[in-house]
Amino acid sequence: MTDKTIEYFYSAHSAFAYLGAPALSQIAQRTGAKVIHRPFDFLPVVQAAGAQGFNDRSAAHIAYFFGRELRRWAQWRDLEILDYRPTHHDNSLAPASGMILAAPDKDALSFAILQAHWRYDADIADPDALRVIAQDCGVDADKLLRNAQSAEIQAQFATNTQEAITRSVFGSPTYFVDGDMFYGQDRLDMVERALTQPFAP
């Protein structure tokens with residue numbers, strides 16, 4: 001076992017966070033590392049990093065990264081994914097992020113929310129949709145919704161967002177091991193290696 005941690009910065013609507021979530025959990029199980037969930041508000045983070053918004057990207061870029069790459073990675077990870085951008089993709093991330101932060105089992109609820117959005121086209125800003133997701137995870141949905149909306153939890157969401165900006169996060173998912181940043185779920189093999197054999201500076 002190890003006392004290592006993986007800081008997991010991501011948005012609750014991130015397709016690539018969804019595709020990487022099971023692999024991340026497997027890495028944590030194999031290494032004994034603790035995953036620290038840091039869901040953040042996506043738009044302020046990517047704007048601060050100077051990244052292009054979705055609508056500002058070329059058609060070719062969108063077709064590759066949010067089309068072909070998603071389909072290939074879904075097959076590689078053996079996960080089902082929508083053939084289109086989720087209907088409610090631009091809605092607020094605060095409700096779902098609050099639920100994750102308030103959840104007793106963040107790994108399970110986080111994956112359930114990501115999967116509901118990207119497999120079943122769920123509106124993860126809708127309390128009723130979140131209630132169903134929480135119930136399916138076997139938790140007290142009404143209590144979790146109340147806690148998710150609390151000032152303390154929403155302050156943590158804001159802190160995560162500011163910390164992501166401060167630490168130069170520019171996309172989702174992003175992982176930190178001992179301060180070393182790894183962007184993208186396609187870097188998870190490197191994340192696992194870093195837990196036992198850090199990369200040279």
Side-chain angles (χ1 to χ4, degrees), residues 4-25 27-28 33 35-74 76-77 79 81 85-86 88-98 100-101 106-107 110-111 113-114 117-118 124-125 154-195 198-201:
K4 293 289 187 179
T5 61
I6 304 167
E7 291 183 277
Y8 176 30
F9 283 84
Y10 64 104
S11 64
H13 72 343
S14 168
F16 287 103
Y18 164 53
L19 295 174
L24 176 62
S25 293
I27 288 169
V35 176
I36 302 174
H37 287 256
R38 305 284 195 208
F40 63 78
D41 199 4
F42 185 75
L43 191 57
V45 171
V46 297
Q47 286 177 335
Q52 287 182 310
F54 185 83
N55 292 329
D56 296 324
R57 304 179 192 196
S58 70
H61 178 104
I62 292 171
Y64 181 78
F65 285 101
F66 300 100
R68 186 60 181 148
E69 276 286 83
L70 285 185
R71 305 298 163 259
R72 281 196 299 234
W73 274 108
W76 188 256
R77 299 293 194 197
L79 292 170
I81 196 166
R85 194 168 184 259
H88 308 284
H89 194 65
D90 296 320
N91 286 1
S92 172
L93 296 174
S97 299
I100 292 166
L101 290 167
K106 294 175 176 55
D107 292 345
S110 172
F111 178 69
I113 287 172
L114 290 163
H117 188 59
W118 276 101
I124 59 171
Q154 288 303 312
Q156 183 60 58
F157 175 51
T159 296
N160 290 348
T161 302
Q162 184 55 54
E163 188 171 348
I165 292 170
T166 300
R167 295 170 73 171
S168 300
V169 169
F170 51 85
S172 171
T174 296
Y175 316 92
F176 286 89
V177 177
D178 287 336
D180 201 5
M181 183 171 79
F182 300 85
Y183 168 58
Q185 61 89 31
D186 52 342
R187 299 295 186 270
L188 279 168
D189 286 347
M190 290 185 171
V191 169
E192 184 166 14
R193 147 56 198 269
L195 290 165
F199 289 91

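Everything numeric in this text was worked out from a predicted model, so none of it was measured. One is the number of the first residue; the rest follow in order along the sequence.
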Kindly indicate whether the side chain of L101, heavy atoms from C-beta on, has any atom under 4.5 Å from the side chain of P39.
yes
Heavy atoms only: give me the nearest Q154-G98 pair and the separation to one decimal.
NE2-CA, 3.7 Å
Test item: D178 and K4 side chains (from C-beta on) under 4.5 Å apart, heavy atoms
yes
Please report the interatomic distance CG(D90) to CG(L43), rounded to the nearest 0.5 Å.
9.0 Å
Backbone of A125 reached by a side-chain donor or acceptor of S92 within 3.5 Å
no
Would you mind telling me which of F176, F16, F170 makes a ring pair (Phe, Tyr, Trp, His ring centres under 6.0 Å) with Y183?
F170
Heavy-atom closest contact (I36 atom, T5 atom, distance):
CD1-CB, 3.9 Å
Would you say the rings of Y18 and H117 are close, in the sense that their centroids are separated by under 6.0 Å?
no
Non-hydrogen side-chain atoms of L93 and F157 separated by less than 4.5 Å:
yes
Exactly one of Y8, F182, F9 clears ring pair (Phe, Tyr, Trp, His ring centres under 6.0 Å) with Y175, and that residue is Y8
Minimum-distance pair of heavy atoms, taken over all atoms of I27 and E192:
CG1-OE1, 3.6 Å
Kindly say whether S11 contributes a backbone atom to a donor-acceptor pair with the side chain of S172 at under 3.5 angstrom?
yes
With distance as the sole test, does T174 use its side chain to make a donor-acceptor pair with the main-chain N or O of G171 at under 3.5 Å?
yes
Looking only at atom types and distance, does a side-chain atom of W118 sit under 3.5 Å from a main-chain N or O of H13, one as donor and one as acceptor?
yes
So which atom in A15 and which in L70 form the shortest heavy-atom distance, rounded to 0.1 Å?
CB-CD2, 3.6 Å
Below 4.5 Å, heavy atoms only, C-beta onward: do D186 and W73 meet side chain to side chain?
yes
Would a distance-only check, ignoring hydrogens and angles, find a side-chain to backbone donor-acceptor pair under 3.5 Å from N160 to F40?
no
Do F66 and R85 make a side-chain contact, defined as non-hydrogen atoms from C-beta onward lying under 4.5 Å apart?
no
For the CG atom of L195 and the CG atom of D180, what is their distance to the nearest 0.5 Å?
11.0 Å
Closest non-hydrogen atom pair, A49 against V169
CB-O, 3.9 Å
Which residue pairs pass the salt bridge (charged side-chain N to carboxylate O under 4.0 Å, His left out) test with at least one member in residues 7-18, sequence neighbours excluded?
E7-R38, E7-R167
Can you list everything that forms a salt bridge (charged side-chain N to carboxylate O under 4.0 Å, His left out) with D189? Sequence neighbours excluded, please.
none
Between F111 and S25, is any pair of side-chain heavy atoms under 4.5 Å apart?
no
